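Small disclaimer: the values here were computed from a predicted structure and weren't measured. Letters A, B, ... are given to chains in the order of the sequence lines, protein chains preceding strands, and every chain is numbered from 1.
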There are 2 protein chains.
Amino acid sequence: MQDNRLSDTRARILDAAERLFMAHGYDGTSMRQITGEAGVNLAAVNYHFGSKEALIQEVFRRRLNWLNEERMRALDELEATADGQPLKPSQIVDAFFGTMIRMAEDEERGGVIFLRLLGRTLTEPSDFIRAFLAHEYKTVVERYKEALFRSLPDVPKAEIVWRFHFMLGATSYAIAGTDALRLVTDWGIEAEDSEDRLDRLLPRLISFLIGGLRAPLPQFTDH
Amino acid sequence: MQDNRLSDTRARILDAAERLFMAHGYDGTSMRQITGEAGVNLAAVNYHFGSKEALIQEVFRRRLNWLNEERMRALDELEATADGQPLKPSQIVDAFFGTMIRMAEDEERGGVIFLRLLGRTLTEPSDFIRAFLAHEYKTVVERYKEALFRSLPDVPKAEIVWRFHFMLGATSYAIAGTDALRLVTDWGIEAEDSEDRLDRLLPRLISFLIGGLRAPLPQFTDH
DNA sequence: CTGTGATTCATACGTTCGTTTGAATTATGG
DNA sequence: CCATAATTCAAACGAACGTATGAATCACAG
């Protein structure tokens, strides 16, 4: 019987796939690695999900459904409390990016592993994955974009859109590279243990994002 | 004779590989695609470069050597002019990130194709590529880190390091996703044609980065 | 206990992968 | 012009890939 709850096999496959896609990318992870790590038969993926493409979509759907609902809920709550007044940019930024980062502490929802996978996948070159994520993200991003427009009425909309773009990049990178960048730079973050780093990432990131979002507008040189 | 200058075949392979790695990633690009697009025999890659891994390293080396030298030169020049005075953060940011973005306009140096490849590869999961880029970047990043420390003596070093990290992410993402993000969001940048977008990306990005770099320090909640 | 559908399993299929080989061709210095 | 090195070429290698198959096993309603 196709159980509505996750069968043990399905969950084991999704967990293994999530970790391996995070570590080695989509093309760099084979079905044999996934089923090997999950401790299930090779044919189980095609039986339960249909194909490798359908598998990674389910890996994302399982987590993104919750994240995007939570983001919508957070914005609903803020707007209800604000009672018609425009929100503060920091509230919007925290509702969008803070909600995401706080997933890292929630092992039940994929924790840091899913977050790194998400961060890396946003720049993944594979066409169908980006198209899939585009669809999953569209309505939420649209909603937050509008909220920022209302929150910053003096800033041109195009500028806000770009800065949302930059914020997404900084966040993805910060998540994806929490230890990848140790490699790249070997800079002096060693002093803080990894527990501490995750705790402090969020306030550090939010400060940076707000600073960038509220920065003086650029002067374009004529041409 | 192994010509020191690039033979036609070598250059054609490097150009094709650069474009294809950008479009489909390392694992997603096959030797047959590369040699097909380059119009050379399949065996030519292994003859001229030795392996697929050695090929992508050469793809990066060809461009990064110039970029990193240029970054060093820009900082040398700034420090010579400043005559012992600490540099302004905006000068340092422009020397590092501006030099990179301006590569996009220089078709001779790979233009926007290489830049997107670079942006995407910084979050690439493949271990040996990240390790290679780490080595290529190490001394330059070290040098800029020190310059920022001197430029912002009141900001804790750990904070500067993190913010450098965030700036790198925003920049990589802005480059890599110049049209990938159109997909994700379909937000209203359509008004400006793509020529314009590239011209205006740099001042927009720099404003954002400086804003983030100079943002008020985060307050850590006790725990 | 039995029968039926869901699941797991070993195995194999056809492709495509990166790499290698040895002969054919081209370029070059004496 | 010839000898020798450099390069290109068609062809093939074994390995790994995603997927499909049909039998074996399991779960459970009647």
Side-chain angles (χ1 to χ4, degrees), chain A residues 1-60 117 121 124-129 131-132, chain B residues 1-60 117 121 124-129 131-132:
Chain A
M1 177 182 62
Q2 180 81 352
D3 198 341
N4 200 13
R5 300 223 145 279
L6 294 182
S7 75
D8 196 46
T9 300
R10 276 180 67 94
R12 293 170 66 84
I13 290 173
L14 288 171
D15 288 342
E18 186 171 70
R19 203 194 67 76
L20 287 166
F21 286 147
M22 179 273 288
H24 308 116
Y26 178 75
D27 288 316
T29 302
S30 72
M31 305 281 266
R32 286 164 178 84
Q33 285 177 273
I34 295 169
T35 53
E37 177 150 327
V40 303
N41 187 270
L42 168 61
V45 170
N46 285 285
Y47 176 78
H48 284 281
F49 300 94
S51 67
K52 190 184 177 185
E53 290 201 3
L55 169 61
I56 194 175
Q57 293 192 25
E58 190 54 37
V59 167
F60 277 106
L117 172 62
T121 308
E124 178 96 4
S126 177
D127 291 329
F128 85 94
I129 298 178
F132 167 74
Chain B
M1 175 181 63
Q2 179 81 353
D3 197 342
N4 200 13
R5 302 222 146 278
L6 295 182
S7 76
D8 196 46
T9 300
R10 277 179 67 95
R12 293 169 67 85
I13 291 173
L14 288 172
D15 289 342
E18 186 171 70
R19 202 194 68 77
L20 287 166
F21 285 147
M22 179 273 288
H24 308 117
Y26 178 76
D27 288 316
T29 303
S30 73
M31 304 282 266
R32 285 165 179 81
Q33 284 178 273
I34 295 169
T35 53
E37 176 151 326
V40 304
N41 187 270
L42 169 62
V45 171
N46 286 283
Y47 176 76
H48 284 282
F49 301 95
S51 68
K52 190 183 178 186
E53 290 201 3
L55 169 62
I56 195 175
Q57 294 193 23
E58 190 54 37
V59 167
F60 278 106
L117 172 62
T121 307
E124 177 94 7
S126 176
D127 290 330
F128 86 93
I129 298 178
F132 167 73

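- Atom pair B:Ile13:CD1 and C:dG18:P shows a separation of 14 Å (rounding to whole Å applied).
- The nearest pair of heavy atoms linking B:Val45 to B:Ser51 is CG1-O, 4.3 Å.
- Separating the CG atom of B:Asp8 from the C1' atom of D:dT7 is a distance of 13 Å, rounded to the nearest angstrom.
- Rounded to whole angstrom, the span from the OH atom of A:Tyr47 across to the C1' atom of D:dG18 amounts to 19 Å.
- Listed for the A:Gln33 side chain is a donor-acceptor partner under 3.5 Å among the backbone atoms of A:Ser30.
- Here D:dA16 presents its P atom at 17 Å from CD1 of A:Ile34, a figure rounded to the nearest Å.
- Between B:Thr9 and the phosphate of D:dT7, there is no side-chain N or O to OP1/OP2 separation shorter than 4.0 Å.
- If you look at B:Phe128 and B:Tyr26, their ring centroids are closer than 6.0 Å.
- Positionally, the nearest nucleotide of DNA chain D for B:Val40 lies more toward the 5' end than for the other of B:Val40 and A:Asp27.
- For A:Lys52, the listed nucleotide lying nearest its side chain is D:dG18; candidates were D:dT7, D:dG18, D:dA11.
- Separating the NE2 atom of A:His48 from the C1' atom of C:dC9 is a distance of 12 Å, rounded to the nearest angstrom.
- The interatomic distance linking B:Phe49 (CZ) with D:dT8 (P) rounds to 11 Å, in whole Å.
- For the OP1/OP2 pair of C:dC17 and a distance below 4.0 Å, the side-chain nitrogens and oxygens of B:Ser30 include at least one atom meeting the criterion.
- Atom CG of B:Leu42 is separated from atom C1' of C:dT19 by 8 Å (rounded to the nearest Å).
- Without hydrogens or angle criteria, B:Thr29 side chain to B:Leu20 main chain gives a donor-acceptor distance under 3.5 Å.
- Counting non-hydrogen atoms under 4.0 angstrom, B:Thr35 reaches nothing in the nucleic acid.
- Using a 4.0 Å cut-off, no side-chain N or O of B:Asn46 falls inside it from OP1 or OP2 of C:dG18.
- Within the 4.0 angstrom heavy-atom criterion, base atoms lie near A:Ala43.
- Put simply, CZ on A:Arg12 is 15 Å from C1' on C:dT7, counting in whole angstrom units.
- For the pair A:Arg32 and A:Asn41, both in contact range of DNA chain C, the more 5′-proximal nearest nucleotide belongs to A:Asn41.
- A donor-acceptor contact shorter than 3.5 Å links the side chain of B:Arg10 to the backbone of B:His48.
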